[in-house]
**Student:** 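The structure is given below, and queries will be raised subsequently.
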Amino acid sequence: MTFRQRVFSISRRHLLLAGSALIAANMMASAAAVPVFADDAQDGGDIVFLIDSLGNTWIPNNSAISSFQGHIWGHVADKLVYVDAEGKVSPWLAESWEQNAEATQFTLHLKEGVTFSDGTPLDATAVVANLDIWYAGRKAEGINPIGLFPKTYDHAEVVDAKTVKVSFKKPTLGFIPTLGYHGSILISPKTLAQPASEQADLSKTSGSGPYVVEAWKEGDYVKLVKRKDYNWGPAAVGQTGPAHLDSITYKLVTEPSLRVSAVQSGQADVAYNASPQELKSIKEEGFTVATPRYLGFVNGWAVNTKLEPYNDVKVRQALQAGINRQEIIDTVYTPDWKLPTSFIQANVPGATDQSALLAYDPAKAEKLLDQAGWTKGADGIRVKDGKPLQLTLHSNPYLATAKAVDELISQQLGKIGWKVDIRAYDVVTFTEKVKFGGPAVPAYEVTRSFIDAGTVAGILTDANNGENWFALGQSDEKINELRDKIAGAPSIEQRNPLLEELQHYVLDQGYFIPRTQIVQRIYVQSPKLTGETYNGVAYASFYTAKLAQ
């Protein structure tokens, strides 16, 4: 760890006493790729981004997919393709590509002149090194594979300095979109060759992005400064040359109200993860608020079918019908949040409208529980064979609103006869204790992003190292069949009907219980800062941003 420069500290007392800055214009951030600037925005300037966590490791493979560290990696490292908020894929460091008819082999043509910050070229050899570690990691050292990188990967080879040929064991239609996933960051081969302990030192990591790490202190801040020779940004954002801002400092401030107060008082420029209840008043004061939806799963539960009574389809279906999703939005959120229409976000290419399966119908839920043999006692709790109908929820620490949503759902399900317990842990403890299919986890809250819907089916079971979300193993032949057909589809036209069938089946069986479409990343921003963009996983990029003087 290095500490080359003293970075400001934020006074808790100062923040609590700071008055809100009154700004005349009321601006709303857009998820469009084309940046919009204030009239007096100029090149130069330094911004401060207040964030609620900086994670517990900087090993690229392990931290690039973090909701927190991903912000930094998005400025320090580049990707082979760019994926926008609607899932559209466009060239970046891969200028073009071809695939064979079976979607088992892809040829990437790389942009010339790209270098990592350590001076080494970003050429075919570097790309192969990155593909290999994304797929396999180095588990013995604690370097993980990238979870959604295709498990059908066979190998990649250097054709020439600008050309990489990538081969898969089976059809892998989602390979190109997945190159835009936030875990698929390109890191210098010199960094990748280092042991995990060295990779965890952010000052020793070299990417090819528009910013480099100038200083960092674990659990405190990361300061990035502009790379002046950068000239290979994605054309989709309307800029390829160096960034406009001189520096970005990510500063850890754990309390949401303090982060927002700092932006209101002018001590900081961006606050991450404000409370949804604050957004209306913040907008009225003239501050920019952005609630971009990412490409991925909606917020909801993967149900553990190994645990009683959730091995009973009628109980799972009752759970599906017993949740009033509109009440969640009306009570906990704002109109920026949307009702789920499937178990994947509505902006994902291949998502279909399954709203009929998600309708709030407490009478239906009661009838299903009656049929399953669960009878209400005098206290309103249903019982079967002397055991109460119980559900333990583990509130997701990555979402500030998770506990409030759990408490509301507890009330809704309580009217039907459930006894709901809620447990809340910090990020580290949650990661250790709460796992898919765990013996004490009947419902695991999922908020995962992904780029290509074709990767979805492959993680639902345990085949090919899948994550086995519903603890089904290979027991559900229907899911197995759809999983394999989706994985083997050589075209979007053949794959989309299969994806629709999978979405209907998973929801009808009550394997996945959606709650709302996910807004995991909330940004409150000074109106002086304009021109940021949001990609397919809803990260704010300040590569294109400017600061008004």
Side-chain angles (χ1 to χ4, degrees), residues 29-36 64 70 73-100 103 106-114 122-124 126-127 130-131 134 146 148-150 162-166 172-186 207-211 230-244 290 292-296 345-351 449-455 491-493 495-496 531-545:
S30 167
V34 179
V36 178
W73 288 119
H75 292 86
V76 171
D78 293 326
K79 300 181 182 69
L80 288 163
V81 303
Y82 183 81
V83 180
D84 70 12
E86 301 304 318
K88 181 181 178 182
V89 179
S90 59
W92 191 349
L93 297 190
E95 290 187 310
S96 62
W97 50 84
E98 302 96 41
Q99 71 179 60
N100 64 4
F106 298 79
T107 302
L108 309 175
H109 303 282
L110 307 178
K111 188 174 290 187
E112 285 187 346
V114 180
L122 200 163
D123 56 12
V127 170
N130 276 272
L131 291 169
W134 295 345
I146 300 299
L148 290 184
F149 189 76
K162 275 190 62 181
T163 311
V164 178
K165 185 179 289 185
V166 188
T172 308
L173 197 60
F175 170 60
I176 294 297
T178 300
L179 296 176
Y181 183 58
H182 59 303
S184 304
I185 57 171
L186 293 163
S208 63
Y211 287 86
Y230 187 83
N231 194 32
W232 42 82
V237 302
Q239 178 173 318
T240 57
H244 303 293
R293 288 182 300 163
Y294 64 37
L295 303 169
Q345 301 269 77
N347 57 328
V348 173
S449 63
F450 59 79
I451 292 296
D452 182 73
T455 63
S491 70
I492 295 294
E493 292 73 21
R495 193 178 73 178
N496 278 349
E532 74 284 352
T533 58
Y534 299 90
N535 65 10
V537 285
Y539 281 113
S541 171
F542 300 103
Y543 163 56
T544 56

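No hydrogens, no waters, no symmetry mates; every other heavy atom, side chains included, goes into these values.
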**Student:** What distance separates Ser449 OG from His182 NE2, expressed to the nearest 0.5 Å?
**Tutor:** 4.0 Å
**Student:** Quick one, Tyr181 and Trp134 - any side-chain contact, counting heavy atoms below 4.5 Å?
**Tutor:** no
**Student:** Does any N or O in the side chain of Trp73 come within less than 3.5 Å of the main-chain N or O of Asp78, such that one atom is a donor and the other an acceptor?
**Tutor:** no
**Student:** Would you say the ring centroid of Phe450 lies under 6.0 angstrom from that of Tyr294?
**Tutor:** no
**Student:** Please name the pair of heavy atoms, one in Ile492 and one in Leu173, separated by the smallest distance, quoted to 0.1 Å.
**Tutor:** N-CD2, 3.6 Å
**Student:** Quick check: do Phe106 and Asn100 have side-chain heavy atoms less than 4.5 Å from each other?
**Tutor:** no
**Student:** Which value, rounded to the nearest 0.5 Å, describes the distance between Leu110 atom CG and Leu93 atom CG?
**Tutor:** 8.0 Å
**Student:** Which heavy-atom pair separates Tyr534 from Pro292 by the least distance, and what is that distance?
**Tutor:** CD2-CG, 3.7 Å
**Student:** Minimum heavy-atom separation for Arg495 to Asp452, with atom names?
**Tutor:** NH1-OD2, 2.9 Å
**Student:** Using modelled atom types only, decide if a donor and an acceptor are shared between the side chain of His244 and the backbone of Tyr543 within a distance under 3.5 Å.
**Tutor:** no
**Student:** What's the separation between atom CD1 in Ile146 and atom OG1 in Thr178, rounded to the nearest 0.5 Å?
**Tutor:** 11.5 Å
**Student:** With rounding to the nearest 0.5 Å, note down the distance linking NZ in Lys111 to CG in Leu80.
**Tutor:** 11.0 Å
**Student:** A side-chain contact here means heavy atoms from C-beta on lying under 4.5 Å apart; do Thr107 and Val164 qualify?
**Tutor:** no
**Student:** Can you tell me how far the OG1 atom of Thr533 sits from the CG atom of Asn535, to the nearest 0.5 Å?
**Tutor:** 7.0 Å
**Student:** So which atom in Gly531 and which in Thr544 form the shortest heavy-atom distance, rounded to 0.1 Å?
**Tutor:** O-OG1, 2.5 Å
**Student:** Can you tell me how far apart NZ (Lys162) and CG (Leu122) are? Round to the nearest 0.5 Å.
**Tutor:** 12.5 Å
**Student:** State whether the side chain of Asn347 and the backbone N or O of Ala85 hold a donor-acceptor pair below 3.5 Å, judged by distance alone.
**Tutor:** yes
**Student:** Report the C-alpha distance between Trp97 and Leu179 in whole Å, list the side-chain angles of each, state the deciding distance to 0.1 Å, and finish with yes or no for side-chain contact (heavy atoms from CB on, under 4.5 Å).
**Tutor:** CA-CA 12 Å; Trp97 50 84; Leu179 296 176; over 6 Å; no
**Student:** So which heavy atom on Val348 is nearest to which on Gly296, and how close?
**Tutor:** CG2-N, 3.5 Å
**Student:** side-chain contact (heavy atoms from CB on, under 4.5 Å) for Glu112 and Val114? Distances and angles first, verdict last.
**Tutor:** CA-CA 6 Å; Glu112 285 187 346; Val114 180; over 6 Å; no
**Student:** Closest approach of Tyr82 and Trp92, non-hydrogen atoms and distance?
**Tutor:** N-CB, 4.0 Å
**Student:** Could you walk me through whether Ser541 and Glu532 pass the side-chain contact (heavy atoms from CB on, under 4.5 Å) check?
**Tutor:** CA-CA 6 Å; Ser541 171; Glu532 74 284 352; over 6 Å; no
**Student:** Give a yes or no answer on whether the side chain of Trp232 reaches the backbone of Pro210 with a donor-acceptor pair at less than 3.5 Å.
**Tutor:** no
